[in-house]
Amino acid sequence: MKLGKTYDPQEYEAMIYDLWEQSGAFKPKEGGEPFVTVMPPPNANANLHIGHALNNSLQDIAVRYQRMQGKSALFLPGADHAGFETQVVYEKQLTQEGKSRFDFSRDELYARIYEFVQANRGNMEKQVRAMGASVDWSRAMFTLDEQVVKTTYGTFKKMWEDKLIYRGERLVNYCTFHRTGFADIEVSYEERTSPLYYLKYGPFTLATTRPETKFGDTAVAVHPDDKRYKEFIGKVITAEGLNGPFEIRVVADQYVDPAFGTGAVKITPAHDFNDWEIAQRHNLEAIRVINHDGMLNHRAGQFEGMPVAEARIKVAAALKDKGLLEKIDENYRNRVGVCYKCGTVIEPMLLDQWFIDMKRLAAPAIKELKRNKIAFHPTQKLEQTITYLETVKDWNISRQIAWGIPIPAFQNTEDPDDWIFDDRANQEIIELDGKTYRRDADVFDTWFSSGHWPFVTLDYPDNPDFKRFYPNDLMETGIDILYQWVARMIALGLYVTGVVPFKNVYLHGMVRSEDGRKMSKSLGNVLDPQQVIASHGSDALRMGIISGRSPGLSAAYDPSKIDAARNFCNKLWNIARFVEDTIGDNYDGRHKATPETPADHWILLKLQHATEKMTLDLENYRFSEAYDTLYHTVWDDFADWYIEASKSSPNHGVLAYGLETLLKLAHPFAPFVSETIWQTLKWEKGLLISSSWPVAKAGNKEQASVFSDLQAIITEIRSISRNLHLSRSHLYHTGSQLLTAHGELIARMAHLKGVSEVSDGKGLRLTSTKENCWLDVDQETARSYLGKLEEQQTAEGLSVERMKARLANKSYVSNAPKELVAETKSNLAASEHRLQQINSEIDAFAATAQDV
RNA sequence: GGGUGAUUAGCUCAGUUGGCUAGAGCAUCUCGUUUACACCGAGAGGGUCGGGGGUUCGAGUCCCUCAUCACCCACCA
């Protein structure tokens, strides 16, 4: 294969992915220690966003690395039916057609959404492929697959039997637009200005933001110690209302803050969470005033059929007319719960729902977490997860939507209290023991079933996959769903399987837009990964997106990093072109990477260090650091130094070995370009994806340090040349073996006319080396360098002073590690030598200055 | 109200257990077409690591404190 001048990802990526897939490399190999990670399932019918790109990249880097380490690596893909999310999308489409979900029965709606999802499926998987994810497609799982449903039902039944699940009428966060309840965690809050109305209630004045709920009031509450109201506690008082006088109880409760408003509060148990709590304590009736459509009901009399917001104003006005409204504080700020999808104000609504007793479910999980059974990256998130599980309230898992897994609970049509579990949930009506049961119309919260993901994907409990690959090694997902998903997976996984579901949790932060804002569809600043892949290639996206990123921290998307990564691919490409050109078509002695020159030793040592560093970083999930090492080893060490040096004396074995090593190190990060190049290596028959992680070959340290000396000389010459605007100067030395041996190399790399031996030095003496050598410049030109030399003299002098002071400090010498002290000593010696060189060079100038 | 994180070069960000002259990419300036690459090469400039205290031989890193920003949790009638 003749390689083009620049790497064109478009030309190779699809082909390479096919090659991998057809080779079976994505499947875990038989036997061996497993490494397992399951993909957080992207929405089946939506496009991947940049967060998925980050997620997939991190997981795939880990998997490819572990695969090359010889593990039986499994990256298991999936697709999410995404319950409510998808239904919302479908509802929008219905709206455009002038229809509403309420035009259909839940079963009809389910069928329609199913078709909708089927029609749009496949796109997402294509995009996962385009990102290079090395997933085992044969094990792909959809969150509505029979396996998932079956296992979820099994858990529901087990929890039912363990009394971890209960059905009850409770206040639930309810969106009157979508007409479904939510879990606490799904409600978002907005700070708003809400008028605070002061209502007259018999002897009380009480402050409320919700006068329209007064028809559901069943008490007035005061603080037990509030002297103002002592006489009323426990009494029933009479107050004037809109429709004449009414009676209401006065209760005392610690919850009431005497300092807020008037210290007296109306209690509406059916529409306020705190009031509900108080009602439980005082045995108060709960009267519904608001219907599921968000309208007031008959309880509100003349206001029946009015939406809440309108009723609020009208009720206040009516109260005012009757002289029952004392005042309105228009500037009151409070936080209002809203639906995270549509922004509709969440109404606390009394509903019969299924709840999970989270205290009991979470307790064993908390215990395991405290025993450090799961390593968190970043580590601080462990503590936060524990705190969350310790304080979490019971979890409402019923959703009044169509798109989801039906709840396998049936109610006796004759006896509302008679609920049974039955997994024939595909039927609406079942008969049992001569009785008729009707299925609960609701579906599960999608997070209830996705809480099973780490094992349901492995065909829990009987499939050998489960026994082999559970628990997972790595769960990688966004930090935004730590509680929503990760915490619940841990609790549910432990409950169902008896083992925590994964050993490591890696939480990536959010990818923000370039200007640092949140990326969102509504802001119109989302970035399509497909576009990045089209313009820069998949590898560039992978590396650019993980570069400089820390777990748990949000960071802006930086296109310059994608550019850099694209250029990096091209650098690799051209290294390959050079190496393959240099070693020629007949090369086949790849095992003889015998170092000869100092440069050979030096690059072997560099490759060894890079391998060690990257291995350590990848083992510890420090992706960005590993990439950084790769980048600079490839670019700075191999391309800029080794290749340039090898133009003087090419060592085919080391060049080939170096290229192979770099391709291996690069492969987890840049799988496409590395594999593409690998396929051009004549002596390699297999696939890079299936090859092994490099084993470091050590170079000789002393030989390597000779090359470091040469680098110092070359760098100094380049610097002086640039500073003095020299071009093609000459270097003289007085019998230096180093310079005699490597004159050609230095001349080439420092862009000199030549290097030659003389009996007496003249010109500008180099100060970075122990060798006696001079750049051939006239006194006039050399003198113009004096300023620079003096700067160096000052800096070097400071450095010497600092190190001397340090070594004079007895505490340092006795407390600091021995190696460090030794290093300081040798650095001091080197520094002193350099200073001496600089000093004598400056003195020489002074001498010649007097001559003039 | 409680909690967590962030504050490092013009911009976006690294910096693992405290270790000596704090890094990267991009941007800037100067030069350069020497048989891989202009998606390039060489050189250079740019930071009192948010402020103030403390611990230590040594602090970007640990402790205290203040400030600013971000996020999470609770949720105010």
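Chain identifiers are assigned alphabetically (A, B, ...) following the order of the sequence lines, protein sequences preceding nucleic acid strands; residue numbering begins at 1 within each chain. Only heavy atoms go into these numbers, but all of them, side chains included; no hydrogens, no water, no symmetry mates.
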Please confirm whether the shortest side-chain N or O distance from A:Trp635 to OP1 or OP2 of B:C40 is below 4.0 Å. no
Respond yes when some side-chain nitrogen or oxygen of A:Lys561 is under 4.0 Å from OP1 or OP2 of B:A27, and no when none is. no
Checking contacts here: which listed nucleotide (B:A36, B:A42, B:G25) is nearest the side-chain heavy atoms of A:Phe578? B:A36
Rounded to whole angstroms, how far apart are CG on A:Asn815 and C1' on B:G58? 10 Å
Given B:A74, B:A36, B:A42, which nucleotide is nearest the side-chain atoms of A:Arg718? B:A42
Does A:Tyr631 reach a base, just sugar-phosphate, or nothing at all? Heavy atoms under 4.0 Å. sugar-phosphate
Closest-nucleotide mapping onto RNA chain B: is A:Asp272 or A:Asp515 further toward the 5' terminus? I mean the 5' end. A:Asp515
Atom CE of A:Met510 and atom P of B:C13: how far apart are they, to the nearest Å? 14 Å
Do you know which two heavy atoms are closest between A:Lys647 and A:Phe578, and how far apart they sit? CE-CE1, 3.7 Å
Same-atom distance (C1') from B:A14 to B:A9, integer angstrom: 13 Å
To the nearest angstrom, the CG-C1' distance between A:Asp628 and B:A22 comes to 14 Å
Closest nucleotide among B:U30, B:U4, B:A44 to the A:Arg722 side chain: B:U30
Phosphate-side-chain proximity, A:Asn567 and B:C40, N/O vs OP1/OP2 below 4.0 Å: yes
Taking atom P in both B:A70 and B:U28, compute the distance separating them and give it to the nearest angstrom. 31 Å
Pairing partner of B:A38, by Watson-Crick or G-U wobble and under 3.5 Å for both distances, is none
Selection from B:G19, B:A74, B:G25 that lies nearest to any side-chain heavy atom of A:Tyr812: B:G19
As its Watson-Crick or G-U partner within any shown strand, both distances under 3.5 Å, B:G43 has B:C29
Selected nucleotide, minimal atom distance to A:Lys5 side chain, candidates B:C57, B:A38, B:G25: B:A38
Would you classify A:Ala556 as touching base, sugar-phosphate or nothing, given that sugar-phosphate means primed atoms plus P, OP1 and OP2, and contacts are heavy atoms under 4.0 Å? sugar-phosphate
Does A:Lys788 make a side-chain N or O approach to OP1 or OP2 of B:A44 shorter than 4.0 Å? no
Compare all side-chain heavy atoms of A:Pro551 with those of A:Leu507 and state whether any distance is below 4.5 angstrom. no
From CD1 of A:Ile481 over to P of B:C72, roughly how many Å is that when rounded to an integer? 14 Å
Between B:C71 (C1') and A:Gln380 (CD): distance, integer Å: 13 Å
Check whether A:Phe376 forms a cation-pi arrangement with A:Lys381 (NZ or CZ under 6.0 Å from the six-membered ring centre, at most 45° off the ring normal). no
Please classify the nucleic acid contact of A:Gly537 as base, sugar-phosphate, or nothing, using heavy-atom distances under 4.0 Å. nothing
So, A:Phe623 versus A:Tyr506, ring centres under 6.0 angstrom or not? yes
Identify the nucleotide, in any strand shown, that forms a Watson-Crick or G-U wobble pair with B:G5, with both distances under 3.5 Å; if there is none, say none. B:C69
Mind calculating the distance between OH (A:Tyr340) and P (B:C71) to the nearest angstrom? 19 Å
Report which part of the nucleic acid A:Lys825 touches: base, sugar-phosphate, or nothing (heavy-atom distance under 4.0 Å, all strands). nothing
With heavy-atom distances below 4.5 Å as the criterion, would you say the side chains of A:Leu789 and A:Tyr785 are in contact? yes
When we call it a touch if two heavy atoms are under 4.0 Å apart, what does A:Ala639 touch: a base, just sugar-phosphate, or nothing? base
In Watson-Crick or G-U wobble terms, with both distances under 3.5 Å, the base opposite B:U17 is none
For the side chain of A:Arg622, starting at C-beta, report the closest nucleotide among B:U16, B:C37, B:C75. B:U16
Per A:Lys393 side chain, nearest of listed nucleotides B:C39, B:A74, B:A14: B:A74
Out of B:C73, B:A36, B:G19, whichever nucleotide has its closest atom nearest the side chain of A:Tyr483: B:C73
Answer for the Watson-Crick or wobble partner of B:U12, both distances under 3.5 Å, is B:A24
Please tell me if the side chains of A:Ile290 and A:His271 come closer than 4.5 Å, counting only heavy atoms from C-beta onward. yes
For B:C39, does either OP1 or OP2 sit under 4.0 Å from a side-chain N or O belonging to A:Arg577? no
Compare the minimum distances between each of B:G25, B:C57, B:A36 and the side chain of A:Ser560, then state the nucleotide with the smallest one. B:G25
Any heavy-atom pair between the side chains of A:Tyr621 and A:Leu58 that's under 4.5 Å? no
Starting at the 5' end of RNA chain B and moving along, which residue's nearest nucleotide shows up first, A:Ser831 or A:Ile643? A:Ser831
Tell me what A:Glu514 touches on the nucleic acid: a base, only sugar-phosphate, or nothing, going by heavy atoms under 4.0 Å. nothing
Nearest heavy atoms of A:Ala565 and A:Gly544, plus distance in Å: CB-N, 3.7 Å
Output the rounded distance in Å from CZ (A:Arg802) to P (B:G19). 16 Å
How is A:Asp257 classified with respect to the nucleic acid when contacts are heavy atoms under 4.0 Å: base, sugar-phosphate, or nothing? base
d(NZ, A:Lys381; P, B:G5) in whole Å: 8 Å
So, is A:Ser550 close to the B:G15 phosphate, meaning a side-chain N or O under 4.0 Å from OP1 or OP2? yes
Using the C1' atoms only, state how far B:G47 lies from B:U12, rounded to an integer number of Å. 16 Å
The side chain of A:Glu625 lies closest to which of these nucleotides: B:G25, B:G15, B:A44? B:G15
